[in-house]
Novice: 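Here you go, one structure.
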Amino acid sequence: MGKGITKFLKKHPGTKPQYAPFDWIMSLPVIRLLSPLYEWNRGFWIYCFLGFMSVVTDFVTSAIFKQFISSATIVTAIAFAVSTFASFVMFRYLYFDRTNNSFINELLKFIPTRLFTFFFGEIVMFLFVDTWHFNFWLVKVVNIPITAILNYITSKLFVFK
């Protein structure tokens with residue numbers, strides 16, 4: 001952990017260690033203005049931020065592979081694999097604080113829950129993009145909130161309970 005975060009934790013002993021980087025960022029002068037909103041439901045905002053980072057990972061991976069592969073289904077599968085592993089690591093260490101549990105056990109629970117939402121997303125991409133020729137990015141953007149909600153529910157109930 002960085003010096004700023006370590007100092008922050010010493011001054012704020014009640015802060016959960018996994019939330020410390022986010023709490024520290026929210027304590028910075030300009031960003032502090034958003035503190036009331038952040039404090040209202042810290043866990044929700046952190047989950048949203050990490051989810052956003054997963055989406056960014058997915059989009060960047062999609063953009064890279066879309067240049068070389070014409071099938072939306074294959075591009076989505078590759079982006080899914082990369083973003084799923086990134087999501088697992090981020091949520092495990094920065095949201096659920098599961099550092100004392102078995103990495104492999106939780107990963108093996110995490111993958112099937114993400115496969116469920118993956119197949120849902122693949123069906124949507126296949127139907128709307130490959131079959132009916134809708135815009136790839138538009139369908140992907142509409143699909144994200146639905147899969148995010150499904151991912152949260154499955155993570156909370158089956159993986160990191």
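Because the structure is predicted, anything quoted here is derived from the model rather than measured.
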Novice: Any idea which heavy atoms bring T61 and A79 closest together, and the distance?
Specialist: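 Closest approach of T61 to A79: CG2-CA, 3.6 Å.
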Novice: Can the ring centroids of F88 and F103 be said to lie less than 6.0 angstrom from one another?
Specialist: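 Yes, they do, as the ring centres are separated by less than 6.0 Å.
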Novice: Search all heavy atoms of V141 against all heavy atoms of P145 and return the closest pair with its distance.
Specialist: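 Looking at all heavy atoms of both residues, the closest pair is O-CD, 3.2 Å.
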Novice: What are the two closest heavy atoms between F80 and R114, and how far apart are they?
Specialist: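 That would be CE1-O, 3.3 Å.
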Novice: For the residue pair W132 and F128, categorise the inter-ring angle as parallel (less than 30°), tilted (30 to 60°) or perpendicular (more than 60°).
Specialist: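 Taking F128 first and then W132, their aromatic rings stand perpendicular (interplane angle over 60°).
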Novice: Evaluate whether atom CZ of F59 has more than 12 neighbouring non-hydrogen atoms of other residues, nucleotides or ligands under 6.0 angstrom away.
Specialist: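 More than 12 heavy atoms, drawn from other residues, nucleotides or ligands, come within 6.0 Å of this atom.
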Novice: With heavy-atom distances below 4.5 Å as the criterion, would you say the side chains of F110 and T84 are in contact?
Specialist: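 A side-chain contact exists here, since the closest heavy-atom pair is under 4.5 Å.
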Novice: Indicate yes or no: at least one non-hydrogen side-chain atom of T76 is less than 4.5 angstrom from one of V129.
Specialist: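 No; the side chains remain at least 4.5 Å from each other.
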Novice: For a quick test of reading the model, state the closest non-hydrogen atom pair linking T57 to S83 and the distance between them.
Specialist: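 Shortest heavy-atom contact: CG2-CA, 3.9 Å.
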Novice: Evaluate side-chain contact (heavy atoms from CB on, under 4.5 Å) for I111 paired with F118, printing each intermediate quantity in order.
Specialist: CA-CA 10 Å; I111 290 172; F118 166 72; over 6 Å; no
Novice: Identify the heavy atoms of K140 and S62 that sit nearest to each other, and give their distance.
Specialist: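 Residues K140 and S62, closest heavy atoms: CE-OG, 3.2 Å.
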Novice: Any sub-3.5 Å donor-acceptor pair from S155's side-chain atoms to Y152's backbone N or O?
Specialist: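 No; judged by distance alone, with no hydrogens or angles, the pair does not exist.
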Novice: Do the side chains of N151 and F91 get nearer than 4.5 Å, heavy atoms only?
Specialist: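 No - every pair of side-chain heavy atoms lies 4.5 Å or more apart.
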